[in-house]
Amino acid sequence: MTITIYHNPACGTSRNTLAMIRQSGEEPVVVEYLKDPPTRERLVELLKAMGISARELLRQKGAPYDVLGLGDPKWTEEELIGFMLEQPILINRPIVVTPKGARLCRPSETVLDILPNPAIGEFIKEDGEVVIGRAAQPQS
């Protein structure tokens, strides 16, 4: 079974998510998307799998979002995808893909919804917040 995380090691949420995946007993494929950005086709696939729009995936914090005026509703879905491909820092993170689905894992414990083994026990996030793993849901 393959789990993939689109990861930014400089991001605490991304680091917490990666650590939770590992605590679940899985070693994911780690894609540092700032160094190895997704193709247009892959980004579109991820958006579809997550069931969100490009605008919902945009990282709104600071530049280049503000500088480019990406909060303006004039930008189309295709244009926003283009901006994310040109400047991958605009892709919010972390994105995790498992056999159970794909999610933008903000907050990091959202990853538990799609992990094959969400019963990770007690996990302490970098900020000291405690997250308790979940029992696996029966397969239907």
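Heads up: numbering here begins at 1 and tracks the sequence.
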Going through the distances and angles, do L90 and L85 end up as a side chain to side chain contact (heavy atoms under 4.5 Å, CB included)?
-> CA-CA 8 Å; L90 285 166; L85 294 171; over 6 Å; no
*Output, in order, the C-alpha distance, side-chain angles, deciding distance and verdict of side chain to side chain contact (heavy atoms under 4.5 Å, CB included) for L43 and L57.*
CA-CA 10 Å; L43 186 55; L57 185 60; 3.8 Å; yes
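Here OG of S108 is found 13.0 Å from CZ of R93. Values are rounded to the nearest 0.5 Å. Taken to the nearest 0.5 Å, the CD1 atom of I95 stands 9.0 Å off from the SG atom of C105. Annotation: the span from L70 atom CG to Q87 atom CD amounts to 8.5 Å, rounded to 0.5 Å.
Using a 4.5 Å heavy-atom threshold, the side chains of P94 and T13 count as touching. Two residues are said to be in side-chain contact when any heavy atoms from C-beta on lie closer than 4.5 Å; R106 and C11 meet this criterion. Side-chain contact between E109 and K125 is present, with at least one heavy-atom pair separated by less than 4.5 Å. Side-chain contact between L58 and N92: absent, with no pair of heavy atoms (C-beta onward) separated by less than 4.5 Å. Under the 4.5 Å side-chain criterion, counting only non-hydrogen atoms from C-beta, T98 is not in contact with E26. When side chains are defined from C-beta on, V130 counts as touching E122, because their heavy atoms get closer than 4.5 Å. The shortest side-chain heavy-atom distance between V31 and H7 does not fall under the 4.5 Å cut-off. Using a 4.5 Å heavy-atom threshold, the side chains of P38 and I91 count as touching.
The list of salt bridge (Lys or Arg N to Asp or Glu O under 4.0 Å) pairs with a residue in residues 77-91, not counting sequence neighbours, reads R40-E78. Under the ring pair (Phe, Tyr, Trp, His ring centres under 6.0 Å) criterion, no residue pair touches residues 10-39, with sequence neighbours excluded.
Judged by distance alone, the side chain of W75 and the main-chain N or O of R55 form no donor-acceptor pair under 3.5 Å. A donor-acceptor pair is defined here as one N or O able to donate and one able to accept, closer than 3.5 Å; such a pair exists between the side chain of S14 and the backbone of N8. Listed for the N16 side chain is a donor-acceptor partner under 3.5 Å among the backbone atoms of G12. Without hydrogens or angle criteria, R15 side chain to P9 main chain gives a donor-acceptor distance under 3.5 Å.
Under the 4.0 Å criterion applied to side-chain N and carboxylate O atoms, E45 and R42 are assigned as salt-bridge partners.
Partners of E27 according to the salt bridge (Lys or Arg N to Asp or Glu O under 4.0 Å) rule, which considers only residues two or more places apart in sequence or in another chain, are R22. Every residue two or more places apart in sequence or in another chain was checked for a salt bridge (Lys or Arg N to Asp or Glu O under 4.0 Å) with K61, and none qualifies. Residues passing the ring pair (Phe, Tyr, Trp, His ring centres under 6.0 Å) test with Y65, sequence neighbours excluded: none.
Heavy atoms only, all atoms of each residue included: A54 and L80 are closest at CB-CB, 3.9 Å. In this structure, P64 and I89 approach most closely via the heavy-atom pair CD-CG2, 3.6 Å.
Hydrophobic cluster of I3: the remaining members, joined at side-chain heavy-atom separations below 4.5 Å, are I5, L18, M20, I21, V30, V96, V111, L112, I114, L115, I120, F123, V131, listed by chain and number.
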